[in-house]
Amino acid sequence: QEQLVESGGGLVQAGGSLRLSCRFSASLRTAGKDTMAWFRQSPGKEREFAAAISRHSGLYADNVRDRFIVSRVNAENTMYLQMNNLKPEDTGVYYCAASDFYTTTVDRTKYTTWGQGTQVTVSS
């Protein structure tokens with residue numbers, strides 16, 4: 001069963017840091033879903049791309065570049081999102097997603113497996 005489980009969300013003050021984890025099932029890699037991403041959604045807004053990683057590349061949204069770092073440890077079946085210098089506008093539910101697309105992409109429709117999300121709240 002292809003599965004993604006996020007953890008690590010919480011409440012943090014502006015300027016602080018959090019590290020999110022996304023544990024993925026081995027079957028995802030077997031299915032060729034080697035491109036993974038983090039999306040986020042704030043109340044009343046559409047789900048937006050934050051960062052992605054594939055075997056050969058990383059990709060960041062402009063509003064998180066230089067603050068967020070995406071990484072993956074295949075031996076642990078886990079993807080991470082290190083978030084630094086957090087801002088109130090980073091508040092939202094963070095989702096991890098997986099795709100069989102050949103490279104990183106911001107296109108939400110390319111990601112076919114999704115986790116349930118973890119809440120991140122940044123207070124001012």
Side-chain angles (χ1 to χ4, degrees):
Q1 182 180 1
E2 297 178 1
Q3 192 172 16
L4 298 168
V5 180
E6 303 94 336
S7 62
L11 173 64
V12 64
Q13 287 190 331
S17 298
L18 277 177
R19 188 176 78 157
L20 305 183
S21 299
C22 172
R23 188 158 181 87
F24 54 87
S25 57
S27 58
L28 273 170
R29 300 200 68 210
T30 302
K33 294 186 179 180
D34 218 24
T35 295
M36 299 185 69
W38 290 96
F39 285 77
R40 63 187 186 182
Q41 188 166 19
S42 303
K45 295 186 177 181
E46 289 194 0
R47 195 170 298 188
E48 66 171 5
F49 172 80
I53 187 169
S54 69
R55 189 174 303 179
H56 303 295
S57 65
L59 183 67
Y60 295 91
D62 289 343
N63 55 6
V64 306
R65 188 176 291 116
D66 298 330
R67 298 188 298 123
F68 291 9
I69 301 171
V70 62
S71 62
R72 183 169 65 193
V73 181
N74 290 329
E76 297 176 359
N77 286 348
T78 305
M79 177 178 66
Y80 299 97
L81 185 67
Q82 177 67 42
M83 305 186 295
N84 302 317
N85 190 22
L86 283 160
K87 304 176 181 180
E89 51 263 42
D90 294 318
T91 294
V93 178
Y94 282 68
Y95 299 88
C96 66
S99 169
D100 61 2
F101 198 59
Y102 72 101
T103 190
T104 52
T105 176
V106 306
D107 185 352
R108 192 173 62 193
T109 65
K110 292 289 192 293
Y111 296 90
T112 54
T113 303
W114 292 82
Q116 294 300 306
T118 185
Q119 175 71 45
V120 171
T121 303
V122 184
S123 63
S124 56

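Excluded from the calculations below are hydrogen atoms, water molecules and symmetry mates; all remaining heavy atoms, backbone and side chain alike, are included. For reference, positions follow the sequence shown, starting with 1.
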For this session: Return the orientation label for the Phe68 and Tyr94 ring planes: parallel under 30°, perpendicular over 60°, tilted otherwise.
Result: tilted

Problem set entry | Interatomic spacing from OG1 in Thr121 to CG in Asp90 - rounded to 0.5 Å | 11.0 Å

Exercise. Who pairs with Arg65 by salt bridge (Lys or Arg N to Asp or Glu O under 4.0 Å), at least two apart in sequence or on another chain?
Worked result: Asp62

Exercise. Do you know which two heavy atoms are closest between Ser124 and Ala14, and how far apart they sit?
Worked result: CA-CB, 4.3 Å

Exercise. Does Glu6 offer a backbone N or O that forms a donor-acceptor pair with the side chain of Thr118 under 3.5 Å?
Worked result: no

Problem set entry | Leu86 to Leu18 - nearest heavy-atom pair and separation | CD1-N, 3.8 Å

Problem set entry | Residue pair Ser54 / Arg72: nearest heavy atoms and the distance that separates them | C-NH2, 3.9 Å

Exercise. Are Phe101 and Val106 in one and the same hydrophobic cluster, where Ile, Leu, Val, Met, Phe, Trp and Tyr link if side-chain heavy atoms are under 4.5 Å apart?
Worked result: no

Exercise. How far does CG of Asp34 sit from CG of Asn74, to the nearest 0.5 angstrom?
Worked result: 6.5 Å

Problem set entry | Heavy-atom pair with the smallest gap, counting every atom of Thr103 and Ser57 | OG1-OG, 3.4 Å

For this session: Evaluate the side-chain proximity of Met83 to Arg67: yes if any heavy-atom separation is below 4.5 Å, no if none is.
Result: no

Problem set entry | Common cluster, Tyr111/Val93, ILVMFWY with side-chain heavy-atom separation under 4.5 Å | yes

Problem set entry | Distance-minimising heavy-atom pair for Met79 and Ala37 | CE-O, 3.5 Å

Problem set entry | Residues which pass salt bridge (Lys or Arg N to Asp or Glu O under 4.0 Å) with Asp100, listed by chain and number, not counting sequence neighbours | none

Seminar exercise, completed: Closest non-hydrogen atoms of Gln119 and Gly92, given as atom of the first, atom of the second and distance, are NE2-O, 3.5 Å

Exercise. Could you give the distance from CD1 (Ile53) to CE (Met36), rounded to the nearest 0.5 Å?
Worked result: 9.5 Å

Seminar exercise, completed: Value for CG (Asn85) from CG (Asp66), rounded to nearest 0.5 Å, stands at 10.5 Å

Exercise. If Ile, Leu, Val, Met, Phe, Trp and Tyr residues are connected whenever their side-chain heavy atoms lie under 4.5 Å apart, and connections chain through other members, are Leu4 and Val120 in the same group?
Worked result: yes

For this session: Indicate if Phe49 and Val64 have the same hydrophobic cluster label, given that clusters are the connected sets of ILVMFWY residues with side-chain heavy-atom separations under 4.5 angstrom.
Result: no

Problem set entry | Passing option when Cys96 is tested against Phe39, Phe24, Trp114, Trp38 for side chain to side chain contact (heavy atoms under 4.5 Å, CB included) | Trp38

For this session: Check whether NZ of the Lys or CZ of the Arg Arg47 lies under 6.0 Å from the centre of the six-membered ring of Tyr95 and within 45 degrees of that ring's axis.
Result: yes

Exercise. Has the side chain of Ser27 got a donor or acceptor atom that lies under 3.5 Å from a matching backbone atom of Gln1?
Worked result: yes

For this session: Could you pull out all residues at least two apart from Lys33 that satisfy side chain to side chain donor-acceptor pair (under 3.5 Å)?
Result: Glu2, Thr112, Thr113

Exercise. Just by modelled atom types, is the Val70 backbone N or O under 3.5 Å from a matching donor or acceptor in the Tyr60 side chain?
Worked result: yes

Problem set entry | Approximate separation, where rounding is to 0.5 Å, of Glu48 CD and Arg108 CZ | 10.5 Å

Exercise. Taking atom OG1 of Thr91 and atom CG of Leu11, what is their separation to the nearest 0.5 Å?
Worked result: 8.5 Å

Problem set entry | Beyond-backbone contact of Asn63 with Glu89, side-chain heavy atoms, under 4.5 angstrom | no

